[in-house]
Structure formats: C-alpha cells, structure tokens
Amino acid sequence: MNTLKKYEELRRKLIEYIKENNLKRDDQLPTVREIMRDMGYSYTTVNRTLNEMEKDGIITKRQGKGIFVNRINGNRENLQIALILPRDFHQYKILMGILFGVKEIVEKSDMGLIISISNMSHEKEKESISNLIQNHVDGLVIFLEDQYRRDYSHIIELKEKRVPFVLVDRYIPELETDYVVVNNEEGMFKVCAYLKYNRLCEDILFVYPDTVFLEITSTAEKIKGYKKAMETFYGDNSGTVISLDEFINRLDALGEKKAPIGVCFNHDEMLLELDDILLKEGKHLPDNLHIFGYANSFERPIYPTVEQFNEQLGKKAVEILMKRIKNPELPVEHIKISPKLILPDKNGNYYLEK
C-alpha cells in the first residue's frame, strides 16, 4: 500500500472512530500504542497522522496526559464559527463593521458563519452560547452585552470546557482570554490633546450616557485615558466625568464661562440624543463648547470623532480564533488596535489624521 494512502486511511479511521463513539471536545482518544495495536499501523504512520491531525485542529496532544478530541468536524475547510452580537447589526455601524471584518476572513477561509443577537439580554446571550456549543460550533467571536462584568460565569465555563472563543470590543480584566479591542485609553488621550492644543480649551469634560455601565471596559478605558490627559495637561488628577443629563443641566453655567471648553462624548450616538433633548427643551449648545464624539458612527461626521477600525477588530478576532481552534495550547493573545482622529478642515470637511 502507498505510504501516503496509509496516512489518509488512518486519518479517516480515526475521524470515523470519533464520530461513531460520539466523542466530544476534550474526550480522550486511544494512545499511540493502542492505535498501532488495534488498527495495525506502524509507529511512523501513526505519529505522522496524529501530527497532521493536530495541525488541522482535529486533535490536541497534551504531554503526559494523552491525545484528546479538539474539533468534531474532520474537515478544516468546513469549520463553523459563530458571532455573538449584542444588538441588531443593521442599526449600528460598529457592529456592521465588525461583521464585515468577520465575514471577509470567513469567506476567504471557506468557513460557515452563524450570527446570534442577544438584544442586550444577559440570559439570551448565555442561552445562545450554550445552544451553539451543543450544536458543535467550532469557535465563537463574542461581543458581550453591557452587563457582562456583573456575571461572566458562562465565559468562565467556556474556558473550563476549552471551547475556542475570542472577545471583541470589550474584555474581562479578571479573566485571561483572547481578545481584540480598540485602544480606547490612547484614543481618548489623543482627543484631549487635540482639544487642549488645537482648540485651546481651558477645561475638558467627559460625558457618558445615562444608561451606560461604567465598568464596561471600552468606557472605563476611555475614562482612564481622559483622566490621564487631564493630569498631564491640566494637573487635574480626576477631571469632570458626568452623565448626559447632568451635562444638559450645566449648559447655562458652562456657557457663562466664555472660555473654550472641550466636551468628550463616550460615543457618537449620544450626539443625536443630545440634539433631540436640546430641541425639546428649547436649548442650544453654547458657542464656547468644543464637542468631540467617538466611534465614527455616522456616514458623515457631524462633529470631530474617532475612527475605531471596526472591520480590523472583526478580522483579527477570526484570525486568532482560527489559530486557537487548531492549537488550544497557544498562549492567549491580547490585541489593542490604535484608533485615529477624524478632524475638520478649513472647509468644514472631515479627514482621517495621518
């Protein structure tokens, strides 16, 4: 029998063994010696076959423990991954961008993609992930819902079960996992530097939505970058971090100061909410306020904002996930993508900083 055909034959037999015995991820396979004895192959054939299967992510070998199932699907061209999103992606540019990035890599790699939307429901997120794992999805890219810092037991369970997953946009500081996020601390520091030196602001405020959970890492790191900038540029180690409601209540007092004041918003969608509230209350923004948004959420900016490169978030997350599926023993990866400012020119058009 041709040597190459021996490898292929043994590979098919081992995949059939996995399926016939209904083995799941982390179930143990026979030892090299048992495969040699029971299936009648030489050590060279068994060793090379197992090495190839490990490269393809089908099995994993753990030193001193044995050989274990890693992925149920025997064909690496048919990987099935899932993207968990907290909201309907059609309504949010950031989610659409991440989805486009994920789909680009998925389509190039001939993988299957399942999209699940939690609608900001913690219970639905947990239920969706559980169902996907039961259906033998090979890996997950997860954009966690807003209250995730209060209960992430389902993410701990994924780690314990050795299910491949990558967090995107937000992460869990208390838990060592793969993640791809925006470097929001750097981004907000750059916003404050622009307001200080280009708009000559004598003070800068940070405004967050009334409904936001400040422990969300994307928001927490913006506040961290803001406070670092305030200490660096103004010698103020705390700054002024206020809700949108409080900001609106302070508008008259801020306008009376006359001096230029910068206002950093947690994300661009807040600017639409602000406009609606001002219109209803018959108020307007004082001329001395310099507004800066975040996340480049609109087709055309209405104020200076920050480009997060959301498609890159999606692409990087899938690339890490593919490596994790093939080799669960790899060290975890933490990727922070540097954002850039989108600024107005003299004609009122917006451009991406170099």
Side-chain angles (χ1 to χ4, degrees), residues 8 11-12 14-27 52-60 68-90 92 94-119 121 124-145 154-155 157-159 161-169 177-180 310-330 333 335:
E8 293 173 347
R11 180 188 175 104
R12 284 196 298 269
L14 288 171
I15 290 172
E16 287 172 6
Y17 177 90
I18 291 171
K19 292 179 177 178
E20 289 172 0
N21 290 277
N22 197 29
L23 298 185
K24 297 178 175 58
R25 185 179 281 112
D26 281 336
D27 284 347
E52 292 297 323
M53 291 177 73
E54 184 173 35
K55 285 179 185 177
D56 290 347
I58 299 168
I59 64 165
T60 181
F68 297 83
V69 176
N70 179 48
R71 174 162 56 82
I72 307 301
N73 192 336
N75 186 344
R76 63 178 167 183
E77 294 184 347
N78 291 325
L79 282 175
Q80 185 92 345
I81 69 168
L83 173 63
I84 314 294
L85 295 174
R87 296 185 186 276
D88 181 357
F89 55 86
H90 294 98
Y92 296 91
I94 178 175
L95 302 181
M96 187 69 81
I98 290 171
L99 174 60
F100 283 165
V102 167
K103 289 182 73 173
E104 182 175 331
I105 303 300
V106 164
E107 289 169 3
K108 284 181 180 178
S109 306
D110 198 21
M111 295 188 291
L113 176 64
I114 300 171
I115 301 170
S116 177
I117 298 172
S118 69
N119 292 320
S121 165
K124 186 169 183 180
E125 179 180 280
K126 292 171 69 174
E127 180 183 351
S128 296
I129 290 174
S130 176
N131 290 337
L132 288 164
I133 298 308
Q134 288 177 21
N135 289 321
H136 304 309
V137 71
D138 292 296
L140 304 161
V141 175
I142 306 172
F143 191 130
L144 293 162
E145 53 81 33
H154 55 309
I155 305 302
E157 186 177 359
L158 288 180
K159 265 186 74 75
K161 291 183 176 179
R162 300 170 62 85
V163 176
F165 70 93
V166 180
L167 302 181
V168 66
D169 185 76
T177 70
D178 293 314
Y179 64 72
V180 183
N310 298 313
E311 289 191 30
Q312 286 297 318
L313 291 178
K315 289 179 186 178
K316 290 292 185 184
V318 178
E319 289 169 357
I320 293 174
L321 183 63
M322 291 170 67
K323 290 189 286 185
R324 178 66 58 200
I325 289 170
K326 288 185 177 182
N327 186 357
E329 307 303 324
L330 287 173
E333 288 194 54
I335 293 182

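Fair warning: this is a prediction, and the values are worked out from it, not measured in the lab.
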Can E319 and K323 be said to form a salt bridge (Lys or Arg N to Asp or Glu O under 4.0 Å), step by step?
CA-CA 7 Å; E319 289 169 357; K323 290 189 286 185; over 6 Å; no
Might you work through the side chain to side chain contact (heavy atoms under 4.5 Å, CB included) test for I155 and L144, ending with a clear yes or no?
CA-CA 10 Å; I155 305 302; L144 293 162; 3.9 Å; yes
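- Between V180 and the options K315, Q312, K316, a side-chain contact (heavy atoms from CB on, under 4.5 Å) holds for only K316.
- In this structure the side chain of K326 never reaches within 4.5 angstrom of the side chain of E54, judged on heavy atoms.
- At least one side-chain heavy atom of L132 sits less than 4.5 Å from a side-chain heavy atom of I84.
- Inter-residue side-chain proximity for I94 and F143 is flagged as met; some heavy-atom pair is nearer than 4.5 Å.
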For I105 and M322, what are the C-alpha separation, side-chain angles and deciding distance, and is it a side chain to side chain contact (heavy atoms under 4.5 Å, CB included)?
CA-CA 10 Å; I105 303 300; M322 291 170 67; 3.9 Å; yes
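- Counting only heavy atoms from C-beta outward, the side chains of V102 and L113 approach each other to under 4.5 Å.
- A donor-acceptor contact shorter than 3.5 Å is absent between the side chain of N119 and the backbone of S121.
- The NZ atom of K124 lies 11.0 Å from the CG atom of N131; values are rounded to the nearest 0.5 Å.
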Side chain to side chain contact (heavy atoms under 4.5 Å, CB included) for V318 and V141? Distances and angles first, verdict last.
CA-CA 7 Å; V318 178; V141 175; 4.3 Å; yes
Could you walk me through whether E145 and R87 satisfy the side chain to side chain contact (heavy atoms under 4.5 Å, CB included) test, starting with their C-alpha distance in whole Å, then the side-chain angles of each, then the deciding distance to 0.1 Å, before giving a yes or no?
CA-CA 8 Å; E145 53 81 33; R87 296 185 186 276; over 6 Å; no
Could you give me the CA-CA distance, side-chain angles and deciding distance for R324 and D178, then say whether salt bridge (Lys or Arg N to Asp or Glu O under 4.0 Å) is met?
CA-CA 9 Å; R324 178 66 58 200; D178 293 314; 2.8 Å; yes
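- The CG atom of L83 lies 9.5 Å from the CD1 atom of I142; values are rounded to the nearest 0.5 Å.
- The distance from atom CD of E16 to atom CZ of R11, rounded to the nearest 0.5 Å, is 12.5 Å.
- Across all non-hydrogen atoms, the minimal contact from V166 to Y179 is CG1-CA, 4.1 Å.
- A distance of 12.5 Å separates OG of S128 from CD1 of I115, quoted to the nearest 0.5 Å.
- Listed for the D138 side chain is no donor-acceptor partner under 3.5 Å among the backbone atoms of L79.
- Counting only heavy atoms from C-beta outward, the side chains of N21 and D27 never approach each other to under 4.5 Å.
- To the nearest 0.5 Å, atoms CD1 (I98) and CG (D169) are separated by 5.5 Å.
- By the side-chain contact (heavy atoms from CB on, under 4.5 Å) test, K126 pairs with H122, E123, D151, S153, H154, sequence neighbours left out.
- The OG atom of S118 sits 11.5 Å away from atom CD of E127, with the distance rounded to the nearest 0.5 Å.
- Two residues are said to be in side-chain contact when any heavy atoms from C-beta on lie closer than 4.5 Å; L95 and P86 meet this criterion.
- Within the 4.5 Å cutoff, side-chain heavy atoms of T177 are placed close to those of F165.
- Between L140 and the options I114, I129, L321, a side-chain contact (heavy atoms from CB on, under 4.5 Å) holds for only I129.
- At least one side-chain heavy atom of I15 sits under 4.5 Å from a side-chain heavy atom of M53.
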